[in-house]
Structures are given as C-alpha cells and as structure tokens.
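Data block below; observations after.
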Amino acid sequence: MYKRWLHMLFIVFILTSCSNVEEKTKNVGLLIEGSIEDQTWGEKGHNGLMLIKEELGANVYYQEGVKSQIEVNRAVAEFADNDVKLIFGHSSNFGRFFQEISDDYPDIQFVYFNGNTFSSNVMSINFNAHAMGFFAGMVAASMTNTNHVGVIAAYEWQPEVEGFYEGAKYVNPDIKVDIEYVNSWDDRETALDIFHEMEEEHVDVFYPAGDGYNVPVINEIKKNGLYAIGFISDQIHLGESTILTSTVQHVDRLYVVVAERFFNDQLTSGILFFDFADGVITMGEFSEEVPWKIENKIKKVVQRYIDTGNLPNE
C-alpha cells in the first residue's frame, strides 16, 4: 500500500512538472518596427498576438519601434529572460536581424514575414499574394469606364502586382494597366503624386497596394469620385461607393496557425506560403456599386481557386 501510494505520488509529480514546463514554454514575443496603433500593418500584428493569447492560452510580450540590430538584440535578450520560445518579427527586415543572432538562441524559433532566407531556427512566412492581385485585377477591369486601371505598389517584388496585371488582362486583353512604385510602404507624398499623375491619364480604378499610404490615397480617390480596391484590410468602411472590394490578408489568423503548429511540434523550417485555401486570405465585402453578376463571377472564380489551386488563366 505504501509503495503504491509513493508510485501514485511520483506520477502526480511528473504530470504536474510536465504541465508546468508546457505552460512555461507557451510564451510568445512580437517585434514591430512601427506602432500597434497604426490602424494597418502594426495593428494587425498585435491583433494576431492577442489572438494567440486568447485561443492558445499563451503568455505574450511585444515591443514597438524596433528598427535596428541593436534594438532587436536588446529586445530578444529580454524575451529570452522571460523564457519566450517563439518570436515573430513583423516585417521582412527582421530576417537579417534574426539571422545575425539566431545561433546565440538555438532554443528560440524566430519567424518573420516576406523573406527568402532561413536557417534551422529562423523561418519566413509569406502570403501567396499573386492570386489576390489577380482577383483585384479582375474586379478593376470589370468596373472601369475608361478602360484604364492602375496599381500604386510599394515595391517591384510584390507578387500581387503581376497578379493584378494578369487578372485585368484576363477580363479584357485590351485594357491599359499602369503600374508605378513608391519604393516605400509609408511614403504618402510620393503615393499621392503617383495617384494624381494616373488620374490625369484617366485611370478610374486604383489598387493602392501599400498599407502605409493606401488610406490617404483612397481618401483622394473618394474626393474625385473614382474607384479603389482595398488592400490588406477590408476597407469598405472608407467609402461604400468608392471601395469596390478589398483583398484581405488575415495576419491575425496566420499568427495563430503558426503558433499552433509550433506548440504541437508541427512547424517546419524554411519559407512557408499561405493562401486562400488556408483561410488567411479572402476577398472583402463587395460594394453595391459592383453588379451582382460581376460579384458572383468573382466569388465563383475564388472558390474554384480554393478547390483546385488554379486561376482561370491557367
């Protein structure tokens, strides 16, 4: 009886210890270059962190305004002191920052956005944005009155830009598609200058594909009675007669997907891509300006892409 009691006590001790270790390792950190109150990218990252806390029961930590290697080093050291095992860097810049220090923290998994480098404990997560650009292009080509649409992109490497071009040309091979680059996520002045230049060329449907400047650009589009397609967030609230629809990246859901895989030892290293079929990219609400036939056609094409992985031009 005494031995049985000791055996049971030992099992309880082991289970309790394992539970404590498991709970202790459910610590997640987030580094943001800007602010969590920017109403765009930074806020989405913070929302994702809060969703990890809510749905997965993790302890979460974050730091804003982290833009240099020195600041990253300091923040990661603080996270490590709190036994954080999973750290998100909320931009592509964190890839090189994390690579610099990853060997010093072999027990920490570093995750960053939109990069093409990785190591054993540094991985990049990416939205497969080509398809969302394709669908935006289809909407734009279906709604233009001047047969002239435009993309105000941040950088040339954005896959949604080529997608937009292909989608517009799929609907109308003769459509004119202007593409200009701000070369920044945040340069509002340059983005607005590009908008006005495109407006003078009679572009009447715009895809401002840069979350740091697209709100002021959309406000100008609204003033001039033209159309826009929202980017990253569902932006129908900025003007139901202006925003035809939006291409929405659900950053918060992607954070939960990654964290859940990490906690379940199912997160593979490398460069991972996520798409409509993963439930982390969707089309936003459609404006009443968009005829039902066009809206229904876009939705059917999106569903076919989810089911087959094929765009209509493939």
Side-chain angles (χ1 to χ4, degrees), residues 41 44 48 113-116 124-144 149-175 177 179 205-211 214 227-236 243-258 260-261 266 268 270-314:
W41 184 247
K44 278 180 169 286
F113 269 91
N114 299 326
N116 55 13
S124 171
I125 54 177
N126 302 261
F127 286 103
N128 191 354
H130 181 89
M132 78 179 201
F134 188 96
F135 301 135
M138 287 188 66
V139 174
S142 300
M143 291 298 295
T144 179
V149 299
V151 182
I152 304 174
Y155 295 102
E156 281 191 60
W157 55 259
Q158 290 177 256
E160 55 266 36
V161 176
E162 182 180 356
F164 183 95
Y165 180 86
E166 292 181 5
K169 288 291 186 178
Y170 172 75
V171 171
N172 179 5
D174 298 322
I175 196 170
V177 182
I179 302 172
V205 183
F206 297 82
Y207 188 39
D211 60 292
N214 74 337
Y227 289 138
I229 296 171
F231 181 69
I232 299 295
S233 301
D234 192 339
Q235 297 182 308
I236 192 75
I243 303 297
L244 298 174
T245 187
S246 303
T247 55
V248 185
Q249 294 180 345
H250 299 275
V251 180
D252 53 352
R253 294 307 320 168
L254 180 54
Y255 268 38
V256 173
V257 168
V258 171
E260 191 167 31
R261 290 186 186 181
Q266 297 173 343
T268 58
I271 302 171
L272 302 185
F273 289 87
F274 299 84
D275 207 340
F276 280 82
D278 301 297
V280 296
I281 304 179
T282 64
M283 299 301 291
E285 181 181 346
F286 281 80
S287 165
E288 292 184 359
E289 296 283 318
V290 181
W292 179 84
K293 287 185 178 180
I294 294 175
E295 178 181 346
N296 192 48
K297 178 181 179 181
I298 299 298
K299 288 181 176 179
K300 285 184 177 180
V301 171
V302 171
Q303 188 58 52
R304 178 177 176 272
Y305 176 68
I306 292 172
D307 293 338
T308 67
N310 295 322
L311 291 169
N313 65 337
E314 295 175 333

**Prompt:** Any side-chain heavy atom of H250 within less than 4.5 Å of one from L254?
**Reply:** no
**Interatomic spacing from CD in Q158 to CZ in F231 - rounded to 0.5 Å** = 5.5 Å
**Request:** To the nearest 0.5 angstrom, please state how far the CD1 atom of I179 sits from the CD atom of E156.
**Result:** 9.5 Å
**Prompt:** Which salt bridge (Lys or Arg N to Asp or Glu O under 4.0 Å) pairs, counting each pair once, include a residue from residues 293-302, with sequence neighbours left out?
**Reply:** E295-K299
**Complete:** Distance col, row M138:CE vs N172:CG, nearest 0.5 angstrom, shows 12.0 Å
**Message:** Is it the case that the side chain of T144 and the backbone of V205 share a donor-acceptor pair, with hydrogens and angles ignored and the cut-off at 3.5 Å?
**Reply:** no
**Y170 and F134 aromatic ring geometry - parallel, tilted or perpendicular at 30°/60° bounds** = tilted
**Message:** For the OH atom on Y165, are there more than 12 heavy atoms of other groups (residues, nucleotides or ligands in this structure) within a distance under 6.0 Å?
**Reply:** no
**Prompt:** Could you give the distance from CZ (F286) to CG (N296), rounded to the nearest 0.5 Å?
**Reply:** 9.5 Å
**Complete:** For M283 and F276 the tightest heavy-atom approach is N-CE2, 4.0 Å
**Asked** Does a donor on one side chain sit under 3.5 Å from an acceptor on the other, for S287 and Y227?
**Response** no
**Request:** Start with the C-alpha distance between I125 and V258, add both sets of side-chain angles, then the distance that settles side chain to side chain contact (heavy atoms under 4.5 Å, CB included), and finish with yes or no.
**Result:** CA-CA 9 Å; I125 54 177; V258 171; 4.0 Å; yes
**Prompt:** With a 4.5 Å limit on heavy-atom distance, are the side chains of K44 and Y255 in contact?
**Reply:** no
**Request:** Report the residues that fulfil side chain to side chain contact (heavy atoms under 4.5 Å, CB included) with N126, sequence neighbours left out, ordered by chain and then residue number.
**Result:** N114, S124, I271, F273
**Complete:** Tightest non-hydrogen contact, residues K169 and I175, listed as NZ-O, 2.7 Å
**Prompt:** Where is the tightest heavy-atom contact between V149 and A140, given as atom of each residue plus distance?
**Reply:** CG1-O, 3.8 Å
**Message:** Counting only heavy atoms from other residues, nucleotides and ligands, does the tally under 6.0 Å from CD of E288 exceed 12?
**Reply:** no
**Asked** Taking all atoms of both residues into account, what is the closest heavy-atom pair of P291 and E289, and its distance?
**Response** CD-O, 3.3 Å
**Message:** The test is side chain to side chain contact (heavy atoms under 4.5 Å, CB included); show your working for Y207 and V161 and say whether it passes.
**Reply:** CA-CA 9 Å; Y207 188 39; V161 176; over 6 Å; no
**Fill in**
D278 and D275 have their tightest heavy-atom pair at OD2-N, 2.8 Å
**Nearest-0.5 Å distance that lies between atom OG in S142 and atom CG in L244** = 10.0 Å
**Prompt:** Sub-3.5 Å donor-acceptor pair from the side chain of E160 to the main-chain atoms of A209, do we have one?
**Reply:** no
**Request:** Would you give the length of the straight line joining atom CG of D234 to atom OG1 of T282, rounded to the nearest 0.5 angstrom?
**Result:** 7.5 Å
**Asked** Which heavy atom of T247 sits nearest a heavy atom of M132, and at what distance?
**Response** CG2-O, 3.3 Å
